[in-house]
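Here's the structure we're looking at; comments come further down.
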Amino acid sequence: MKNQNKFEIKHQANRGIQCLNLEGYLDAHTAPKLESAIEELMKSGFNKILVNFQDLDYISSAGLGVFMAFIEEIRESGGDIKLTSMKSKIFSVFDLLGFPILFDIETNDESAIAKFLKNDLRKNEE
Amino acid sequence: MKNSTSKYGNKICTCCDFSELQRIREFVMTKAETLGFSSEEAQSIALAVDEACSNLIKHTFNFDTLKEICVQVNFDKNQFIVNILDEGTPFNPLDVTPQDMNEYFKNYKRGGLGIPIIRKIMDEISYLPSNNSNRKNVLTLKKFLH
């Protein structure tokens, strides 16, 4: 298990959506880094956040807790945190306790972005 | 971190710091894979042990790096047995009322998911608090190899 303690976040914006690409191992030791990153985006007024899990190899309840910490506030502001591209071993941890009921988990970034844009369009029409 | 082999089998001991979790997981995963569990099953067992150790580090020892927790593994017939040992104030995770996840999501709660994860992953869980003859609390997690 190489680079077991590695955890990196790469941030980019795509059509007004803030994308965080996670890499490595998300546990109680590394979760505060993700919490700070999301907190910073929200403080800056962003409420459309996409989290890509393609390069994430491990998640524990501390990682799940980060998303629980923000989901209510971000949805109340009209935004969302959408989760994409999970390996099966990562999805199985979310699925273990029923997280797919609460979170929008998409197979790839494009489908998540399309949902964000569709929601924006709907709001503009209202 | 100390690695040792005791009469109970292979064991590691670490200080109470979250940075040690990855080494604990690596130890458990390697042992579970050696005994025949798939990589994904081994990672699940390591997750359960991670959750138990995270709870000890945070709640029992309040990140006191002078305190120590130990994880020892055994294999008996078709059972992979993990004992997690500590000398803190006894706390039996089995005494915690199981979480109603619908309520949990409805109220946007946070935390408290470690024990539910352990319950979901492991086949058997038992707890032996410290006593006059044994000063260590022992949380035993078992997983059957099918």
Side-chain angles (χ1 to χ4, degrees), chain A residues 1-8 23-35 38-39 53 56-77 79-81 83 86-105, chain B residues 1 14-33 37-59 63 98-122:
Chain A
M1 295 210 298
K2 272 167 73 181
N3 297 325
Q4 170 87 348
N5 56 350
K6 186 179 163 193
F7 178 66
E8 298 292 337
E23 184 184 333
Y25 300 82
L26 181 54
D27 65 4
H29 183 53
T30 57
K33 191 171 176 177
L34 177 61
E35 187 162 352
I38 296 177
E39 201 167 21
F53 287 75
L56 195 79
D57 284 309
Y58 179 81
I59 188 166
S60 70
S61 70
L64 302 179
V66 174
F67 301 108
M68 286 304 295
F70 297 109
I71 195 68
E72 182 178 18
E73 187 184 342
I74 209 160
R75 283 186 180 162
E76 278 177 354
S77 75
D80 198 11
I81 300 175
L83 316 176
M86 288 181 190
K87 291 174 182 164
S88 68
K89 63 182 176 182
I90 299 294
F91 179 78
S92 68
V93 179
F94 276 86
D95 198 36
L96 201 60
L97 298 176
F99 273 68
I101 291 171
L102 184 64
F103 288 90
D104 188 358
I105 302 175
Chain B
M1 184 180 70
T14 75
C15 72
C16 286
D17 191 297
F18 281 160
S19 65
E20 296 284 7
L21 291 171
Q22 57 99 1
R23 289 201 279 184
I24 293 171
R25 291 196 303 268
E26 188 173 358
F27 170 76
V28 173
M29 263 197 85
T30 305
K31 295 293 175 191
E33 282 180 341
F37 288 95
S38 70
S39 172
E40 202 154 324
E41 287 169 328
Q43 185 158 325
S44 283
I45 298 167
L47 171 61
V49 176
D50 173 322
E51 298 294 349
C53 292
S54 294
N55 280 346
L56 283 174
I57 291 168
K58 184 177 179 183
H59 300 297
F63 306 101
Q99 193 77 250
D100 178 337
M101 289 310 294
N102 287 328
E103 282 297 307
Y104 189 92
F105 291 130
K106 203 171 133 190
N107 296 310
Y108 296 100
K109 286 188 183 173
R110 191 186 178 184
L113 295 180
I115 295 169
I117 284 176
I118 297 167
R119 286 183 195 267
K120 284 272 183 186
I121 293 171
M122 303 309 292

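What you see below is based on every heavy atom in this structure, not just the backbone, and it leaves out hydrogens, waters and symmetry mates. This is a predicted model, so every value here is computed, not measured. Throughout, a chain's letter reflects where its sequence line sits, starting with A, and its residues are numbered from 1.
- A/S88 touches chain B through backbone and side chain together, each having a heavy atom under 4.5 Å away.
- For B/I121, the part sitting under 4.5 Å from any heavy atom of chain A is the side chain, from C-beta outward, and nothing else.
- No more than 12 heavy atoms of other residues, nucleotides or ligands lie within 6.0 Å of NZ in B/K58, so this atom counts as exposed by the packing criterion.
- The CZ atom of B/R119 lies 11.5 Å from the CG atom of A/L97; values are rounded to the nearest 0.5 Å.
- Rounded to the nearest 0.5 Å, atoms NZ (A/K89) and CD (B/Q43) are 4.5 Å apart.
- The environment of A/K87 atom NZ is dense: over 12 non-hydrogen atoms of other residues, nucleotides or ligands sit within 6.0 angstrom.
- Salt bridge annotation for B/R110-A/E35: present, with a cationic side-chain nitrogen under 4.0 angstrom from a carboxylate oxygen.
- Within a 6.0 Å sphere centred on NZ of B/K120, heavy atoms belonging to other residues, nucleotides or ligands number 12 at most.
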Practice problem: Start with the C-alpha distance between A/Y25 and B/L21, add both sets of side-chain angles, then the distance that settles side chain to side chain contact (heavy atoms under 4.5 Å, CB included), and finish with yes or no. | Solution: CA-CA 11 Å; A/Y25 300 82; B/L21 291 171; over 6 Å; no

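- Using modelled atom types, one side-chain atom of B/E51 and one backbone atom of A/S61 make a donor-acceptor pair closer than 3.5 Å.
- Atoms NE2 and CG, on A/H29 and B/D50 in that order, are 12.0 Å from each other to the nearest 0.5 Å.
- Within a 6.0 Å sphere centred on CD of A/E72, heavy atoms belonging to other residues, nucleotides or ligands number more than 12.
- Going from atom CG of A/L102 over to atom CG of B/N102 covers 11.0 Å, rounded to the nearest 0.5 Å.
- Smallest separation of non-hydrogen atoms from A/I59 and B/L47: O-CD1, 3.7 Å.
- A/D27 contributes atom CG, which lies 8.0 Å from atom CD of B/Q22 (distance to the nearest 0.5 angstrom).
- Going from atom CZ of A/F99 over to atom OH of B/Y104 covers 5.5 Å, rounded to the nearest 0.5 Å.
- Both the backbone and the side chain of B/S19 come within contact range of chain A, each with at least one heavy atom under 4.5 Å from a heavy atom of that chain.
- Under the 4.5 Å side-chain criterion, counting only non-hydrogen atoms from C-beta, A/T30 is not in contact with B/F18.
- The contact between B/K109 and chain A is made entirely by backbone atoms, counting heavy-atom distances below 4.5 Å.
- Looking at A/V66, both its backbone and its side chain come within 4.5 Å of chain B, counting heavy atoms on both sides.
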